[in-house]
Protein chains: 2
Amino acid sequence: MTARTSGSAPAGPGRRDTRQRRLLRDQLSRQEAFVSAQQMYDDLRASGDRVGLATVYRTLQAMTEAGELDVLRSDDGEVLYRQCGPQHHHHLVCRSCGVTVEVDGPAVEKWAAKAGEAHGFTEVTHVVELFGLCAACSRASR
Amino acid sequence: MTARTSGSAPAGPGRRDTRQRRLLRDQLSRQEAFVSAQQMYDDLRASGDRVGLATVYRTLQAMTEAGELDVLRSDDGEVLYRQCGPQHHHHLVCRSCGVTVEVDGPAVEKWAAKAGEAHGFTEVTHVVELFGLCAACSRASR
DNA sequence: CCTTGTAACGAGAATCGTTCTCAATAGTAG
DNA sequence: CTACTATTGAGAACGATTCTCGTTACAAGG
């Protein structure tokens, strides 16, 4: 029997610092927009870094569970990820270029809670996302 | 050459009254909750009615484009459909049984428009859905 | 009714995003 | 340096949805 006798380091899953995790974290922190796992994969290998597709999916999923990423689903069913602030907020996403702005809406929170209550619902959560054309894209399409 | 000479009846695609379309319309009008194409398919054949899966998908899609159905995406990626009123509204969906209540929120509409504007976005639309446990399910899980 | 043109069907193949499998690899604590 | 095991990655497996294409059956005209 070796190792696994000291009880100090929390040596569970999800904490090793690997090359591929570093790459993903870096790329996410440079991203302004929501991106899909497939996109991340393509971008990485486009810049010469070799990372398995399964790893991209696994890591993105893990980071989401750890609360490090926000998730969104595109109209055609792809799951999109983005590094966001920790406080509760919503997104204003550009339909054209994907740029995203975090916005908050105290009014919405209250309305959601009240509407749920009014119908006898409990444990009410809400999904609120705004889509539009950002200033730049609006100008470009004019 | 026969037919296709009179110019009165709008005999284009999407208007034939078939057995399968009747079945789907009927089933949808009896549904209180959002349901997936797969569920509709299973339910139909469970009640002895034979309808092709592709037809279910096609019809549901067509009805949606015609504005007869509202669409929602479940957490695991399935597209869910429901027959709803024509006016703009949002949904309060039970996480457990799927029952859905249509709710409106003038406050949200205003907030959304304003938030978009404030950041220079144009053509802003919003996605707002509420999830919770309906009265019955809340009671059951207590 | 019967004919006809063609919208609609349906079975099965094809897509596509995502997840799973499992042997090989590589952090890391001691 | 070594052993332990978390991670990785290639490819198979999945599940929802879409496409293909020969067959079926509305529905308008005769």
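A note on names: the letters A, B, ... follow the listed sequences, proteins ahead of strands, and every chain is numbered from 1.
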B:D49 CG to C:dC9 C1', in whole Å, measures 15 Å

Can you name the closest pair of heavy atoms from A:F34 and A:V71 and give their distance? CE2-C, 4.2 Å

Write down the distance between CG (B:L60) and P (D:dT18), rounded to a whole number of angstrom. 10 Å

Between C:dT19 (C1') and A:L53 (CG): distance, integer Å: 10 Å

Rounded distance in Å - CG (B:D75) to P (C:dT19): 13 Å

Check A:G105 against B:W111 and note the closest heavy-atom contact, atom names and distance. CA-NE1, 3.5 Å

Give the rounded distance in Å between these two atoms: OH of B:Y41 and P of D:dT18. 16 Å

Can you check the B:M40 CE to D:dA16 P distance for me, whole Å? 16 Å

Is there a side-chain contact between B:Y57 and the phosphate of D:dT17, meaning an N or O under 4.0 Å from OP1 or OP2? yes

If you draw a 6.0 Å radius around CD in B:E109, do more than 12 non-hydrogen atoms from other residues or ligands fall strictly inside? yes

For the hydrophobic clusters of this structure (ILVMFWY residues joined by side-chain heavy atoms under 4.5 Å, transitively), does one cluster hold both A:F121 and A:V128? yes

Taking CG from A:L44 and P from D:dT8, how many angstroms apart are they, rounded to a whole number? 13 Å

For a quick check of understanding: with a heavy-atom distance under 4.0 Å over all strands, which category does A:R50 fall into, base, sugar-phosphate or nothing? sugar-phosphate

Could you walk me through whether A:R25 and A:D17 pass the salt bridge (Lys or Arg N to Asp or Glu O under 4.0 Å) test, one step at a time? CA-CA 11 Å; A:R25 261 201 303 280; A:D17 185 31; 3.3 Å; yes

Would you indicate which nucleotide in C:dC20, C:dT18, C:dC9 comes nearest to any side-chain atom of A:A54? C:dC20

Take the C1' atoms of the five end pairs on each side of the helix from C:dC1-D:dG30 to C:dG30-D:dC1, get both axes, and report the angle to 10 degrees. 30°

Do you reckon B:F131 sits in the same ILVMFWY cluster as B:L133, going by side-chain contacts under 4.5 Å, direct or chained? no

Summarise protein proximity over nucleotides 22-27 of chain D in one line of letters, 5' to 3': B for base, S for sugar-phosphate only, - for none, counting protein heavy atoms closer than 4.0 Å. ---BBS

Any chain of hydrophobic side-chain contacts (each under 4.5 Å) joining A:L72 to A:V35? no

Once you round it to whole Å, what is the distance between P of C:dT18 and CZ of B:R73? 10 Å

Any base atoms under 4.0 Å from A:Q38, or only sugar-phosphate, or nothing? Heavy atoms, all strands. base

Between A:R45 and B:S36, just flag the one whose closest nucleotide in DNA chain D comes earlier from the 5' side. A:R45

The side chain of B:R21 is closest to which nucleotide in this list: C:dC9, D:dA16, D:dG9? C:dC9

Would you confirm whether A:S141, through its side chain, and A:S138, through its main-chain N or O, come within 3.5 Å as a donor-acceptor pair? yes

If you count heavy atoms of other groups shown closer than 6.0 angstrom to CD of B:E102, is the number above 12? yes

Winner on side-chain proximity to B:T55, out of C:dT21, C:dA8, C:dG10, is C:dG10

Identify every side-chain donor-acceptor pair in residues 92-101 of chain A under 3.5 Å, counting partners at least two apart or on other chains, and give the distances.
from, atom 1, to, atom 2, distance (Å)
A:R95, NH1, B:T125, OG1, 3.4
A:R95, NH2, B:E123, O, 2.4
A:T100, OG1, A:G98, O, 3.0

